[in-house]
Protein chains: 2
Amino acid sequence: MKDLLRAHFEKIITLTDSEFEYISSHFTHKKLIKHQFLIQEGETVKNEFFVLKGCLKSYMIDSDNKMHVLQFALPDWWISDYHALYKQVPSSLYIDPVESAEVLVISLEDKEKLCNELHKVEHFFRKKTNLGYVGLQQRVLGLINTDARDRYEQLIKQYPALFQMVPKQLIASYLGVTRETLSRLYKNPK
Amino acid sequence: MKDLLRAHFEKIITLTDSEFEYISSHFTHKKLIKHQFLIQEGETVKNEFFVLKGCLKSYMIDSDNKMHVLQFALPDWWISDYHALYKQVPSSLYIDPVESAEVLVISLEDKEKLCNELHKVEHFFRKKTNLGYVGLQQRVLGLINTDARDRYEQLIKQYPALFQMVPKQLIASYLGVTRETLSRLYKNPK
DNA sequence: AAAATAGTGTGACATACATCAAATTATTTT
DNA sequence: AAAATAATTTGATGTATGTCACACTATTTT
């Protein structure tokens, strides 16, 4: 069950059995059903989540009660409200599964402890955040310089799996358009 | 001249004189005039830059020859094409000063070496990227859920200094609108 | 100081996307 | 299987922002 986590670490660093056992002892396993929130707006955030199964989403609700998806997280990826977690301010996001899901939970405190105790764990997380940073930067560029149709086409190319698992209104929200607009985009290809 | 760099590190970690001297020996100082590029599209990217003076911008040029500003970097901040740097692909960005500027240059190779040799340097950069990640996440939320006027108002609140140093057409580009639209936004306040 | 260049502002018009309302289809729950 | 709920599609209309053209103002350069 924690094999996926080990493989995940070992894409970047190598670990002995005992090192991995020590690391993984700081994670707890959690099964989630639809509408079971890991994080809700206003809460203090203490944990970070590594996805084993299913798909999670993080999103905010704006003043007009509209939902805006910030992130999807598929297996082998991490999710949390990092703004709230790192700056210790109340969360502005909700995080819950798209359908059902399974995650491994680690507290920020334990993560920092591990980073402190094991240089290579700190190395791992630095590399990981670097990749996350690059991904977000690409997303910003996409939002700034391409129209909704291009963003849509890029997304299906990059994550075809999403289109099976995730309702189109959530994908529309992630792309920054309404579900009506998304519907029209792929009904009337270029 | 490297005082700013030391202060920058010591916001997160503590360093002895000899440690700092060792670290800073990997940086070289560079003065830049307007239109002097640190990075151009298509190039291989080897370095990262720490801003001492002035203001730099990173931007892409799209297929219609329009410029899109990804980032401004004021003193005490870092800039590079991280996508190109970390993934070792040709750059899709240009980076040059808004007016004139001074930077400290470090190669990715040296940075990785330092991270490897000194755990606390790796810790520093992990924390730093985490903050960068959070900043980008906030920017994505802004692009997805607020209109140009709100993004504009948030930006002047957060970085009033930019509005002295940076032509408004660059600010418009950073916000994802045309200069004409930005002009109309602040001519006709809400 | 004149000339050249870079930056900004304004009007007329075009367009991508949002909004609202309603019909249709798919999926869950009982 | 029926009923309830969730997701998608479609049409009519509104609005924010883009585009183009040109005038105006600053700032460099000669």
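Labels below follow one simple rule: chain letters A, B, ... track the order of the sequence lines, proteins then strands, and each chain is numbered from 1.
- One atom, CD1 of A:Ile144, and another, P of D:dG18, lie 11 Å apart when rounded to the nearest Å.
- Of the listed nucleotides (C:dG9, D:dG18, D:dT8), C:dG9 has the atom at the smallest distance from the side chain of B:Arg179.
- The one candidate from A:His123, A:Arg126, A:His119, A:Glu122 that meets the side-chain hydrogen bond (donor to acceptor under 3.5 Å, both in side chains) condition with B:His123 is A:Glu122.
- A donor-acceptor contact under 3.5 Å is formed by the side chain of B:Arg184 with the base of C:dG11.
- The interatomic distance linking B:Glu99 (CD) with D:dA26 (P) rounds to 17 Å, in whole Å.
- In this structure, the side chains of A:Val51 and A:Asp76 stay at 4.5 Å or more apart for every pair of heavy atoms.
- Between B:Lys168 atom NZ and D:dT25 atom C1' there is a gap of 12 Å when expressed in whole angstrom units.
- Rounded to an integer number of Å, the gap from B:Phe163 CZ to C:dT8 P is 11 Å.
- Note on A:Lys66: a side-chain N or O is less than 4.0 Å away from OP1 or OP2 of C:dT19.
- Within the 4.0 Å cut-off from OP1 or OP2 of D:dT17, not a single side-chain nitrogen or oxygen of B:Thr178 is found.
- Annotation: cation-pi pair A:Arg139/A:Tyr174 present, NZ/CZ under 6.0 Å from the ring centroid and within 45° of its normal.
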Run the ring pair (Phe, Tyr, Trp, His ring centres under 6.0 Å) test on B:Tyr133 and A:Tyr82 for me, step by step, so that the C-alpha distance in whole Å, both residues' side-chain angles and the decisive distance to 0.1 Å come before the verdict.
CA-CA 8 Å; B:Tyr133 184 88; A:Tyr82 291 103; 5.5 Å; yes
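- If you measure from atom CG of B:Leu175 to atom C1' of D:dA16, you get 15 Å, rounded to the nearest angstrom.
- When each of B:Arg151 and A:Leu182 is assigned the nucleotide of DNA chain D with its nearest heavy atom, A:Leu182 is the one assigned upstream, toward the 5' end.
- C:dT8 atom C1' lies 13 Å from atom OH of B:Tyr152, rounded to whole Å.
- The residue from B:Ile39, B:Val103, B:Leu74 that alone fulfils the side chain to side chain contact (heavy atoms under 4.5 Å, CB included) condition with B:Leu56 is B:Val103.
- One atom, CE of B:Met165, and another, C1' of C:dG7, lie 17 Å apart when rounded to the nearest Å.
- Of the side-chain N and O atoms in B:Tyr186, none sit less than 4.0 angstrom from OP1 or OP2 of C:dT8.
- Listed candidates were C:dT10, C:dT8, D:dT17. Nearest to the side chain of B:Glu180 is C:dT10.
- OP1 or OP2 of D:dT9 has at least one side-chain nitrogen or oxygen of A:Ser183 nearer than 4.0 Å.
- Look at CG on A:Asp62: it is 14 Å from C1' on C:dT19, rounded to the nearest Å.
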